[in-house]
Amino acid sequence: MLSASDPSTSVGYEIKSADLALVALLLKTSNIDTLKRELRKQLADTPDFFDQEPVVIDLIGLSEHEKNQPIDFDQLLALLRSHQMHPIALRSGTTYHMQAGKNAGLIDATYARILKTTVAVASPQATSAAAPIPVKTRETPTGSLGALVVDKPLRSGQQVYAKGRDLVVLAMVNPGAEVIADGNIHVYAALRGKAIAGAKGNSEAMIFAQAMEPELLSIAGVYRTSENALPTDIWGKAAYVRLKPSPEGEKLVIQALKA
């Protein structure tokens, strides 16, 4: 008789529930050439931004005209994959679109819950353009990894990205340099380049600097450039940046750090 511990009687797998963090791509057009041009421009400086993240394609933003037009899903999926996205699902489409997406290998995500906060991918080049696509709708937890620490000055053209965590810089961030983090950014020196916190939608992220002299500040896609000069009581001083709700939407608030 075989005992319960005999290898031949044991089950070689378990089935459990799991949560998977997804990125939602809210299409405002299904024109492949337009998407190709805008994605290339938006992701030129951060080609590995998505890093094979699973993506839900959301068609809710299409115009009434395009909702009645066919979509070339084969070309669309190939385009997204070329930018390191991994499209796996489709939602908010017509019956025709949902079937066409299914034929292309996408699953039906009609009942997927999209987070309320929607932010544009922050790009150092997009300092004056209207909010671009893609739109990302999830917040990235930053507590699972320790902060990424940089102890050398960052020169013009250099970029540091702390994926899924905070970024701590112990030296100057020079003009033309970029510091990006999914969590908070702490600069224990002069911040004279670009600082992009909450890069994947964390609206609770903050930016701290010992000397606030930035070219660009951005939290969860809301940004301010050097064209909008900081007040004299903030410029060059120890300060922090956070998001604050307003009737017009979230806005950046910059305050001096009290000694």
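Position 1 is the first residue of the sequence, and the numbers go up from there. Values below: every heavy atom of this structure, side chains too, minus hydrogens, waters and symmetry copies.
The two residues Leu90 and Met98 have their closest heavy-atom pair at O-CE, 3.3 Å. Scanning both residues, Ala171 and Pro153, for their nearest heavy atoms gives CB-N, 3.4 Å. Across all non-hydrogen atoms, the minimal contact from Gln75 to Ile32 is OE1-CG2, 3.6 Å. Heavy atoms only, all atoms of each residue included: Ala209 and Leu257 are closest at O-CD1, 4.4 Å. Taking each heavy atom of Ala205 and Gly183 in turn, the nearest pair found is CB-O, 3.4 Å. The nearest pair of heavy atoms linking Ile219 to Ser203 is CG2-O, 4.4 Å.
Listed by first and then second residue, the ring-ring contact (aromatic ring centres under 6.0 Å, His included) pairs involving residues 149-174 amount to none (not counting sequence neighbours).
Hydrophobic clustering (ILVMFWY, side-chain heavy atoms < 4.5 Å, transitive): Met206 and Tyr188 are in distinct clusters. In terms of hydrophobic clustering, with Ile, Leu, Val, Met, Phe, Trp and Tyr side chains grouped at heavy-atom distances under 4.5 Å, Val168 and Phe208 are assigned to different clusters. Note on Val253: it does not cluster hydrophobically with Leu217, by side-chain heavy-atom contacts below 4.5 Å among ILVMFWY residues. No chain of hydrophobic side-chain contacts below 4.5 Å, direct or via other Ile, Leu, Val, Met, Phe, Trp or Tyr residues, connects Tyr240 to Met172. Under the 4.5 Å side-chain heavy-atom criterion for ILVMFWY residues, no single connected hydrophobic cluster contains both Leu77 and Ile107.
At distances below 3.5 Å, not a single donor-acceptor pair connects side-chain atoms of Glu178 with backbone N or O atoms of Val160. No side-chain donor-acceptor contact under 3.5 Å links Asp182 to the backbone of Arg165. Put simply, the side chain of Asp58 never gets that close to the backbone of Leu26: no donor and acceptor are under 3.5 Å apart. When atom types are taken as modelled, the side chain of Glu38 and the backbone of Leu35 share no donor-acceptor pair closer than 3.5 angstrom. Glu213 contributes no side-chain N or O that, together with a main-chain N or O of Leu191, makes up a donor-acceptor pair within less than 3.5 Å. The backbone N or O of Gln69 sits less than 3.5 Å from a side-chain atom of His97, completing a donor-acceptor pair. The closest donor-acceptor contact from the side chain of Arg37 to the backbone of Lys41 lies at 3.5 Å or more, if one exists at all. Of the possible donor and acceptor atoms, none in the side chain of Asp166 sits under 3.5 Å from a partner among the backbone N and O of Ile185.
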Apply side chain to side chain contact (heavy atoms under 4.5 Å, CB included) to the pair Val241 and Met212, showing each step before the final yes or no. CA-CA 10 Å; Val241 187; Met212 190 71 75; 3.7 Å; yes
Worked verdict on Lys200 versus Lys163 for side chain to side chain contact (heavy atoms under 4.5 Å, CB included): CA-CA 9 Å; Lys200 291 189 176 177; Lys163 182 175 182 178; 3.4 Å; yes
Could you go through the side chain to side chain contact (heavy atoms under 4.5 Å, CB included) check for Ile196 and Val179 one step at a time? CA-CA 6 Å; Ile196 300 168; Val179 287; over 6 Å; no
Would you check, one step at a time, whether the test salt bridge (Lys or Arg N to Asp or Glu O under 4.0 Å) holds for Glu204 with Arg242? CA-CA 7 Å; Glu204 301 298 319; Arg242 61 186 176 88; over 6 Å; no
Starting from the C-alpha separation in whole Å, work towards a yes-or-no answer on side chain to side chain contact (heavy atoms under 4.5 Å, CB included) for Leu76 and Ile57. CA-CA 10 Å; Leu76 176 59; Ile57 301 171; 4.0 Å; yes
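In this structure, the side chains of Leu106 and Pro87 come closer than 4.5 Å at one or more pairs of heavy atoms. Looking only at side-chain heavy atoms (C-beta outward), Val150 and Val173 stay at 4.5 Å or farther from each other. No side-chain heavy atom of Ile180 sits under 4.5 Å from any side-chain heavy atom of Leu167. With a 4.5 Å cut-off on side-chain heavy atoms, Val187 and Ile207 do not count as touching. Using a 4.5 Å heavy-atom cutoff, the side chains of Pro214 and Lys194 are not in contact. Counting only heavy atoms from C-beta outward, the side chains of Lys152 and Leu170 never approach each other to under 4.5 Å. Using a 4.5 Å heavy-atom threshold, the side chains of Leu59 and Thr94 count as separate. Counting heavy atoms from C-beta outward, Gln52 and Met85 have side chains that stay 4.5 Å or more apart.
The structure places CD of Glu53 at 13.0 Å from CG of Leu80, a figure rounded to the nearest 0.5 Å. Atom OG of Ser30 is separated from atom CZ of Phe73 by 8.5 Å, given to the nearest 0.5 angstrom. Atoms CZ and CG, from Arg224 and Leu252 in turn, are 8.0 Å apart once rounded to the nearest 0.5 Å. Atom-to-atom distance recorded for Arg192:CZ and Ser226:OG is 14.0 Å, nearest 0.5 angstrom. Between the CZ atom in Arg155 and the CG atom in Asn174 there is a gap of 9.0 Å [rounded to 0.5 Å].
Enclosure of atom NE2 in His83 by more than 12 non-hydrogen atoms of other residues, nucleotides or ligands within 6.0 angstrom is indicated. Heavy atoms from other residues, nucleotides or ligands lying under 6.0 Å from CD1 of Ile60 number 12 at most.
Judged by distance alone, the side chains of Asn68 and Glu64 never bring a donor and an acceptor atom under 3.5 Å apart. A donor and an acceptor atom, one from each side chain of Asn31 and Thr29, are nowhere located under 3.5 Å apart.
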